Each structure stands twice: as C-alpha cells, then as structure tokens.
Amino acid sequence: MVVGKQTLMGINGDEAVAYAAKQALVDVCAVYPITPQTIIVEKYAEFVAEGEVHTEFVRVESEHSAMSACVGAAAAGARTFTASAANGIELMNEVIFLASSIRMPIVLAVADRSPSGPINIHCDQTVSLAQRDTGWIMLYCENAQEAYDTTLQAFRIAEHADVQLPVMVMLDGFVLTHTLENVYLLEDKVAHKFVGTRVPMEIEVGGQKIPLKLDPKTPITIGPLALFDYYLETRIQHHEAMERARPVISSINDEWAKLSGRKYGDGFIQSFEVDDADAVIVTTGSTAGTVRYVARQLRAKGKKVGLLKVRTFRPFPSEKVAEILEGVPAVGVFERTHSIGSLGGPLFNEVRSALYDRDKRPAVLGYYGGLGGRDLHPDYFETIYKELFKVKQTGELPPRPVKYISHRE
Amino acid sequence: MAKQKPSYKEIPAAAVAWKPATDYKTGDWRSKRPIRDTEKCTRCLICWVFCPDGAIHWDGEDLTFDLDYCKGCGICAQECPVECIKMETEE
Amino acid sequence: MTTAKIKWRPKIKEIARQEEYFTSGQRLCAGCPAGTVARLVMHALPRPENTIISNATGCLEVASTIYPFTAWRVPWMHSLFENAPANASGIEAAYKARIRRGLEKEMPDLLVFSGDGSGFDIGVQAASGAIERRHNFLYVIYDNGSYSNTGIQRSGATPMYAWSTTSEVGKAEPGKPVWRKPIALIYAAHNPAFAATASIYHWKDFMQKVRKGMEAEGPAVIHVKAPCHRSWRYKEELGMQMSKLAVETCYHPLWEYDGETRSYSLSTASKVIQKKPERKKPIEEWLEPQGRFRHLFRPKRRDDLLKEFQRRTDEDWEHILRITKQ
Ligand SMILES: Cc1ncc(C[n+]2csc(CCOP(=O)(O)OP(=O)(O)O)c2C)c(N)n1
Ligand code: SF4
Ligand code: SF4
Ligand code: SF4
Ligand SMILES: [Mg+2]
C-alpha cells in the first residue's frame with residue numbers, strides 16, 4: 001500500500017540509496033568509488049553537478065580518508081554519508097571502529113561484495129558481517145525499495161538522541177545494486193520533514209551541558225588516550241547506546257509505515273508463514289526474496305515451511321528470533337558468507353545461541369553459499385527444506401551442522 | 001582510601017575529556033628547580049618562549065616560575081642570553 | 001595574497017600576556033620541544049579562539065590528552081595516526097555545507113598537528129589528498145626524527161646512520177642505512193598556498209610562518225624540526241641547541257614556498273649561511289652530541305661514514321640553494 005503522493009521510479013538499488021541520501025539533506029558526503037557501490041557516488045556527483053544538493057561532496061583519495069572525513073564532518077555537526085564495498089570497507093575498517101566508539105552518527109551504505117582474493121566484484125556478505133563487532137548498527141535490505149526506505153530511516157536512527165551511533169545499510173552487490181526495480185520515493189518535503197535537522201548529542205562536561213561538536217563556542221577534546229582506568233567504562237557506554245537503539249529502530253519503522261505504507265516487520269525481523277511451520281529458513285538480504293518464493297510454492301503444495309528474514313543484524317534481535325523459532329522442529333540458517341575455522345557463520349551462531357536457553361530448541365542446521373556472486377537458484381532452498389523435513393522425521397542430525405551449498409563437488 | 005573513579009554512568013559520553021590538564025601537577029617530576037637572578041635578568045622573555053611547559057608567567061612587568069608545572073628541564077637556564085638562571089637540585 | 005605580504009611579527013611582551021590555549025599539565029617528557037612547538041603555534045595563530053585542531057597519534061597527542069585530562073582550550077580532535085588531514089577535510093566540509101544551509105555563521109580556522117610518523121610515512125596519502133583538494137588548513141609536522149611515542153623506531157625522517165630500535169647498530173648495519181625523505185619539498189611540489197621548513201630554535205621565523213600558513217588561502221604545510229632527547233640522546237636542556245645546529249650545519253635549511261608566485265626563498269638563518277658560507281658548521285657538530293650517532297665516533301671514529309653524511313648534507317643544501325635562487 002502506497003500512502004500519500006509518491007513517485008514511482010525505475011531505478012536500481014544504488015540509485016535508490018543515492019536518492020535517499022539526497023532527500024536526507026546530507027551535509028557532507030565523502031566517498032571513493034568501488035564496484036558495485038560506484039553508481040551511488042556517480043549518481044550523487046550528478047546531484048552535485050546540477051546544484052540539486054547543498055552537500056559538500058569530498059572526493060577523497062581513499063576509503064580510509066572517506067570515513068575519516070566523515071568522522072571529522074560528523075564531529076563538526078554535519079549530517080554525513082558515505083558508501084563503499086568489500087576492499088573499501090576493509091581499508092576503512094580502522095576508522096569504522098573509531099567512528100562508533102566516539103559516537104559519530106554516520107550512515108554508510110555497503111554494496112556487499114566478496115573480499116579479495118581471488119579478486120571478485122560480486123555479491124557476498126562476508127565483509128559486512130565481519131563488521132559485526134565494530135559497534136555499528138547494521139541493517140540488511142532485501143530489495144531496492146527497502147534500500148531506499150532503510151537509508152532514510154538510517155539517518156533517523158543514527159542521529160536519535162538516545163542512540164548517536166553510526167549505521168550501515170547493506171545491499172547485495174549486483175543483485176540489488178545493479179538491478180532495475182520499481183521504487184516509490186516520498187515527496188521531497190515529506191522526506192525532509194521525516195529526517196529533520198541533525199542535533200548533535202548533548203554531553204555533560206564539568207557540570208555543563210554542551211553539544212558533542214567541534215565548535216569554538218564550546219571547545220571540547222574528542223579522542224583522548226584512555227587506558228585501563230577508563231577505557232572499559234567508555235565501551236560500556238557504547239554498549240548501552242546500542243541497547244537503546246532497539247526501541248528506536250522499531251518506532252522509526254512504525255513511523256515510516258504510516259508515512260509510506262511500507263513496513264519491515266518490527267524493524268528487526270520479518271517472518272513469513274512461521275506460525276505452524278515444521279521447517280524455517282533464516283536468512284538476510286536479497287536471498288530472503290528467493291526463499292519466500294520457494295516457501296510460497298511449497299506452501300501451495302501443502303508443505304509447512306516458513307521464512308525468517310533478519311533485517312537488523314546489530315543490535316541482534318535474539319529474543320524475537322528465539323520466540324519465533326522455539327518449538328519449530330527444524331531450522332536452516334542460510335548465509336552468504338562463511339566463517340572458516342568456526343562451527344558456523346555469524347548468523348548461524350547468533351541464531352543457535354539465541355535458542356540455547358529455550359526449552360523447545362529446534363535442530364539448527366547451517367548453510368554457506370552464494371559466495372563470490374554464485375547464483376542462488378530456488379532449487380537449493382527447496383533442498384534445504386527437504387533436509388529440514390528429514391531431520392524432523394528421523395530426528396537424525398548430520399555429523400557437522402553446517403555445510404556449503406551451491407558449489408561443485 | 002583514595003576516592004573512587006567515576007562509574008560509566010558518571011563520565012561524559014563519547015570519551016570526551018573532562019578535566020583541565022592544569023589539574024595535573026607536573027611539578028612533582030622535577031629534580032632541579034630554576035632559580036633566577038632577578039637583578040641580572042633583562043626581562044627579554046626568551047625563557048618564556050622556549051619553556052615547553054608554559055611554566056613561566058609574565059604579568060607585564062616581571063616573570064614568575066610556576067613550580068606546580070615546571071618539570072625542571074633546564075631549557076630556560078640553557079637559553080637565557082645573560083645566563084641568569086641556575087638549576088638547583090631539589091631537596 | 002602572496003604570503004610574502006604577510007608581515008606579522010611576534011611582539012613577545014604582548015604575546016606572553018595572552019592566554020595559553022595549550023596549557024601546562026601536559027605530560028610530554030621534561031624538556032620536550034614538541035611542547036614549545038604547540039605553545040608557539042597557538043600564540044602565532046591569527047584567531048586561536050576560533051581554531052579547530054585535528055591531531056594525529058603521537059607524543060603530542062598522547063601527552064596532552066591523557067583521559068580525563070586535556071591540555072587544549074580549543075576544539076580538538078584526535079582520531080587515528082594517518083588520517084588527521086582527512087579529518088580536517090571533513091571538518092571544513094561540514095562548516096562549508098552548514099554555512100550554505102544557514103546553520104552555521106562562520107568558518108573556523110583549521111590546524112592539523114602530526115609527528116614525522118604521520119607526516120613523512122603513514123599519513124602522506126591523506127595529506128597529499130587533502131592538499132590536492134585545496135582544503136584551507138595549516139598542517140604542522142613536528143619532526144623529531146623518530147616514532148618516539150612507540151619507543152623510538154625509525155621513520156622516513158630519521159637521519160641516515162642514526163640508531164633507533166628498528167635501525168640497530170651492529171656489525172652488518174651502522175644504524176639506519178638510508179637517507180631521510182625530503183618531505184617539505186614533496187608537499188611543496190603539490191603547490192599548496194604555503195609551505196616552509198622551520199626550527200624551534202628560530203622561534204620568530206617559525207611563528208611568522210605559522211601566521212602566514214594560517215592566513216594563506218588554501219592548504220599550508222610547515223615542517224618544523226623539534227628534537228627529542230629520548231631518541232636523539234642528548235642532554236634534555238639542549239633541545240633548542242640541537243635544532244639550532246641542524247640549521248647551522250645545513251642539515252635542515254630554513255626556506256619557504258609561496259604558492260602564488262610559485263617561488264622558494266631562503267629564510268634568514270639559512271640566508272646568512274648562503275651569503276657567508278664560512279658560517280656553515282661541519283655536520284659533526286650536530287652529530288656528535290647525539291647519542292644515536294655515538295657509533296660514528298666511538299669506539300673508533302668512522303671517517304668513511306662521517307664523510308658520506310657530510311657529502312649528502314652538502315648535496316641537499318646545494319639543491320636548496322639552487323631552488324631558492326631568484
Ligand atoms: C595504523 C597505526 N599503526 C601504528 C600505530 C602505532 N603508533 C602510534 S604513534 C606511532 C608513532 C608516532 O610517531 P610520530 O608521528 O613521529 O610522533 P612522535 O611520537 O614521534 O611524536 C606509532 C607507530 C598506530 N597508532 N596506528
Ligand atoms: S631569558 Fe633570562 S634574561 Fe631573559 S627573561 Fe628569562 S631569565 Fe630573564
Ligand atoms: S626548567 Fe624547563 S619547565 Fe621549568 S621553567 Fe625552565 S624551561 Fe620551563
Ligand atoms: S619521547 Fe621525545 S618527543 Fe616524546 S615526549 Fe619524550 S622527548 Fe618528547
Ligand atoms: Mg616523531
């Protein structure tokens with residue numbers, strides 16, 4: 001359902017993100033090109049060239065400097081945006097940790113692509129999922145519409161007074177970044193009102209309330225050396241801010257629904273036919289679309305299958321996931337990544353761990369696949385459902401709970 | 001017992017520093033103190049220029065050495081053009 | 001405006017009554033000239049109360065902001081080791097965009113501090129990019145010729161043959177085997193609005209250069225020699241003398257570059273030597289008081305290495321004389 005006056009455009013996911021950033025009235029965009037993110041920078045460069053934005057567009061010489069310029073800009077009070085992919089995210093990793101630890105509400109769009117090597121430009125969530133301990137909020141999108149909606153929401157979440165943390169918005173390389181879809185855009189003025197103007201966080205220094213902002217009127221020192229006597233306390237504050245993001249993510253998702261008619265579950269997870277399901281696949285990103293298609297077909301044949309899409313990976317919705325999956329006989333977690341040397345991937349480990357305290361724990365199997373952009377055919381998911389049914393029937397688990405699919409044996 | 005350090009709820013967010021460094025007295029580091037011969041001193045302020053610690057104050061007429069912060073490095077004595085500063089070992 | 005037209009001179013008796021924006025209570029080693037650098041920079045700024053600082057990781061950063069303390073009375077930010085100029089790019093961009101939106105009234109001045117670690121090595125890319133993009137900031141690199149903060153490892157600024165914990169002196173290697181980088185020339189080749197070398201001993205010249213660099217429209221870079229007694233291994237009261245000798249031996253000639261006229265000129269202390277070459281001191285006078293060159297003198301005098309050091313110093317000096325000749 002589309003609420004209000006919205007414009008329908010045939011655009012790809014990257015363009016959807018660029019339009020969202022434009023409507024978010026970004027003050028500073030510092031960005032460096034890398035496939036499959038490049039369309040975002042290029043589109044933004046068009047807005048700049050046409051004078052359609054007031055943004056200061058900083059064409060930095062690397063991703064490390066892109067994120068560094070964003071940190072400086074955010075510290076000076078600007079609404080700040082950047083985008084990157086794989087190698088670029090890896091290069092900016094040092095600054096990614098820093099940005100969240102000093103509470104800079106930057107929005108970063110990640111066009112998910114495989115890490116090198118071999119060098120590969122295609123879809124893979126390994127790099128973004130590897131950011132899970134950087135203290136950023138992490139949102140995964142299923143399609144171009146969601147990428148647009150989520151990017152606008154991301155600014156609100158990041159800059160919310162209770163949160164003040166940076167947000168990553170993930171969109172699958174090529175599958176979303178380069179594929180044309182019909183995307184509804186809000187009217188500019190509605191979007192502007194939704195994002196509002198950034199107000200820097202208030203902090204208390206020496207009994208005085210002042211903004212966390214590099215401003216000669218209220219001089220502050222950001223980024224001191226804090227050792228064993230204080231470092232841990234600053235980290236706990238960061239953790240608490242992440243916890244405070246939970247209700248904010250949900251309420252902004254609700255607000256967005258009223259404004260646009262589009263809602264993404266409770267902002268954290270979206271489930272499909274899980275209530276009476278015997279087998280549920282849990283996944284993220286565009287794969288959710290494929291799995292939903294398969295589940296729908298199987299449902300039509302009377303098979304009790306369901307899907308749980310995880311939209312918000314950080315903060316991870318452990319309670320909600322456990323509530324839904326408790327009592328489901330068999331659960332398969334599909335990830336477009338792998339964690340070499342671990343029992344399972346990041347999503348698998350989160351899901352299994354969320355269920356540990358529950359009485360009716362399902363059997364949880366993990367699947368890695370689609371790395372390097374390997375096509376994810378619906379058949380693979382049909383096979384997964386079959387395996388889950390077998391586990392339910394026989395009660396027998398495979399020797400290792402996680403395996404690769406979609407490769408040649 | 002030493003005063004407990006503040007809890008994570010009491011310190012400003014984002015690890016912003018909240019105490020002026022002047023609350024920390026580096027004078028304790030000193031093993032020698034500068035003694036100036038005020039008669040010989042020409043008030044040229046070369047010592048003020050070079051002191052790495054801003055431990056020499058000029059009120060418009062005369063200088064004072066701020067022993068709360070002076071680390072006793074001896075740069076002022078070394079650079080004084082009329083050699084009117086002596087470094088004396090602290091007791 | 002060409003920077004040559006900026007004629008400000010520090011009037012010390014007035015300046016000494018100004019507030020210290022970089023305060024006492026910082027924890028640099030006793031006698032650390034980096035403290036003098038920071039103080040004099042703050043006193044030379046045209047609008048210290050309206051200046052924002054981005055500071056790279058290193059001794060100055062660490063010692064001035066040991067949590068919960070800060071020695072800075074201006075807005076100051078440290079983020080990482082190699083990105084201070086990129087941080088500054090963002091700060092400038094933020095103010096520009098927000099002024100455009102009417103959310104901010106005035107553009108503050110921007111100052112970047114880094115050591116030679118960032119200035120010569122790990123941060124060259126970020127600095128090069130920021131200068132290319134013509135952000136309006138002054139970049140002050142205090143060169144103590146080592147990664148001092150992490151325990152005296154060699155940097156691109158460490159002199160040839162100097163001992164450091166990663167250029168040890170042994171049978172196979174006499175300290176750092178290669179010559180230092182001509183970093184100020186590298187930045188000047190970017191054609192910034194202003195670039196200069198400076199020495200902390202020549203404080204008036206240094207302060208004037210800071211003023212010029214900050215008042216110039218566009219990026220400006222100052223490479224200031226600021227000895228470190230822990231790595232150079234001289235007596236702690238000799239910091240200023242060590243930077244003086246670096247100039248007098250022409251190891252660190254003083255010059256400036258004006259981006260508008262695209263010309264290099266020698267600064268007074270070095271011009272004097274150009275006019276009267278007999279005033280140029282032998283490089284040994286700078287090397288010998290420094291423990292990091294001890295092996296060039298003891299147990300056996302290494303004339304071969306001293307000669308080579310002198311030759312390279314002269315070669316660099318000749319080069320500076322050539323480019324500053326008008
Ligand atoms: C990316 C990165 N690599 C290494 C370090 C460790 N490190 C911190 S400061 C420093 C050396 C600083 O040297 P310099 O810039 O010359 O400043 P100084 O301490 O000498 O004043 C190093 C190697 C770091 N902080 N970050
Ligand atoms: S340098 Fe010496 S003469 Fe000059 S003001 Fe200081 S003490 Fe006096
Ligand atoms: S001894 Fe050093 S710290 Fe003390 S006043 Fe002299 S120069 Fe300053
Ligand atoms: S190690 Fe060297 S540069 Fe660092 S504070 Fe000490 S004297 Fe200064
Ligand atoms: Mg150094």
Side-chain angles (χ1 to χ4, degrees), chain B residues 5-6 10-12 14-34 42-81 83 85-87, chain C residues 10-40 42-43 60 63-73 75-78 200-204 206-207 226-227 229 234-244:
Chain B
K5 289 200 166 75
E10 294 162 317
I11 57 175
V16 167
W18 46 276
K19 270 191 180 175
T22 46
D23 285 4
Y24 186 89
K25 304 281 151 75
T26 50
D28 298 352
W29 299 9
R30 196 175 50 244
S31 60
K32 282 186 225 151
R33 70 166 64 191
T42 62
R43 284 38 171 192
C44 68
L45 297 193
I46 288 295
C47 53
W48 178 91
V49 167
F50 287 129
C51 173
D53 288 281
I56 301 172
H57 304 315
W58 170 246
D59 64 10
E61 300 204 337
D62 206 359
L63 309 165
T64 39
F65 287 75
D66 191 336
L67 295 179
D68 278 350
Y69 304 107
C70 166
K71 294 172 186 161
C73 67
I75 285 185
C76 51
Q78 172 70 37
E79 299 303 329
C80 172
E83 298 182 23
I85 303 175
K86 284 209 169 48
M87 298 304 292
Chain C
K11 294 201 186 87
I12 207 63
K13 291 205 164 145
E14 282 168 30
I15 286 177
R17 297 190 68 180
Q18 290 171 1
E19 186 180 346
E20 296 271 359
Y21 285 92
F22 175 68
T23 72
S24 307
Q26 44 83 351
R27 284 183 253 179
L28 291 161
C29 300
C32 175
T36 312
V37 166
R39 280 186 57 236
L40 296 189
M42 297 314 289
H43 281 296
L60 176 63
S64 64
T65 63
I66 299 179
Y67 193 91
F69 299 98
T70 175
W72 300 96
R73 287 197 176 141
W76 181 97
M77 168 177 219
H78 156 251
I200 191 59
Y201 177 79
H202 301 88
W203 58 276
K204 274 190 201 156
F206 175 47
M207 290 177 82
H229 54 79
Y234 58 82
K235 291 205 219 97
E236 70 184 16
E237 67 271 24
L238 293 180
M240 303 305 149
Q241 292 303 309
M242 294 317 303
S243 81
K244 179 173 180 235

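Throughout, protein chains are lettered first and strands after them, A, B, ... in sequence-line order, and every chain is numbered starting at 1. Values in this document were obtained by computation on a predicted structure and should not be read as measured data.
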Pairs of heavy atoms under 4.5 Å with chain C: top-ranked of B/P12, B/A17, B/C44: B/A17

Heavy-atom neighbours of B/K86 NZ exceed 12 at 6.0 Å: no

- line: Answer key: most heavy-atom pairs under 4.5 Å with chain B among C/G239, C/P10, C/G35 is C/G35

message: Can you confirm whether more than 12 heavy atoms, excluding those of B/R43, are under 6.0 Å from its CZ atom?
response: yes

message: Between B/W29 and chain C, with a heavy-atom cut-off of 4.5 Å, which part of the residue counts as in contact: side chain, backbone, both or neither?
response: side chain

message: The criterion is side-chain hydrogen bond (donor to acceptor under 3.5 Å, both in side chains); which residues satisfy it with C/H202, sequence neighbours excluded?
response: C/S199

field: Closest heavy-atom pair and its distance - B/C51, C/T36
entry: C-OG1, 4.0 Å

message: Below 4.5 Å, heavy-atom pairs only: which of B/I11, B/D53, B/D59, B/T26 has the largest tally toward chain C?
response: B/D53

- prompt: What heavy-atom pair brings C/S24 and B/Y69 nearest, and what distance separates the two atoms?
  reply: CB-CG, 3.4 Å

- line: Between C/A30 and B/C73 the two heavy atoms that sit nearest each other are C-CB, 3.8 Å

query: For C/E236, is it the side chain, the backbone, both, or neither that has a heavy atom closer than 4.5 Å to a heavy atom of chain B?
result: both

C/H229 versus chain B, the contacting section by heavy-atom distance below 4.5 Å: neither

- line: When rounded to the nearest 0.5 Å, the distance separating CD of B/E79 from NZ of C/K244 is 8.0 Å

query: Which word best sums up how the rings of B/F50 and C/Y201 line up, parallel for under 30°, tilted for 30 to 60°, or perpendicular for over 60°?
result: parallel

message: Does B/E61 have more than 12 heavy atoms from other residues, nucleotides or ligands lying within 6.0 Å of its CD?
response: no

Interchain contact, C/T70 with chain B, by part (heavy-atom threshold 4.5 Å): both

field: Closest-packed option against chain B by number of heavy-atom pairs under 4.5 Å, given C/M207, C/M240, C/R17, C/R27
entry: C/R27

- prompt: With a 4.5 angstrom heavy-atom cut-off, which part of B/D68 approaches chain C: side chain, backbone, both or neither?
  reply: neither

- request: Say whether, by atom type as modelled, one donor and one acceptor occur between the side chain of C/Q26 and the main chain of B/P52 under 3.5 angstrom.
  value: yes

query: What part of C/Q241 gets closer than 4.5 Å to chain B, counting heavy atoms only: side chain, backbone, both or neither?
result: both

- prompt: chain C heavy atoms under 4.5 Å from B/I56: which part of the residue, side chain, backbone, both or neither?
  reply: neither

message: Applying salt bridge (Lys or Arg N to Asp or Glu O under 4.0 Å), can you list everything that pairs with B/K32, at least two apart in sequence or on another chain?
response: none

message: Donor-acceptor pair, distance only, cut-off 3.5 Å: does the side chain of C/K13 make one with the backbone of B/L45?
response: no

query: Any donor-acceptor pair under 3.5 Å linking the side chain of B/K71 with the backbone of C/C32?
result: no

- prompt: Which region of B/Y24, side chain (C-beta onward) or backbone (N, CA, C, O), has a non-hydrogen atom less than 4.5 Å from a non-hydrogen atom of chain C, or is it both or neither?
  reply: both

- prompt: Okay, side chain of C/R39, backbone of B/V49: is any donor-acceptor separation there less than 3.5 Å?
  reply: yes

- request: Look at atom CD of B/E83 and say whether more than 12 heavy atoms of other residues, nucleotides or ligands are closer to it than 6.0 Å.
  value: no

- prompt: So which part of C/I15 gets closer than 4.5 Å to some heavy atom of chain B, the side chain, the backbone, both or neither?
  reply: both

- prompt: Does B/T22 use its side chain to pair, donor to acceptor, with the backbone of C/G25 at less than 3.5 Å?
  reply: no

message: Less than 4.5 Å to any heavy atom of chain B: does that hold for the side chain of C/I12, its backbone, both, or neither?
response: both

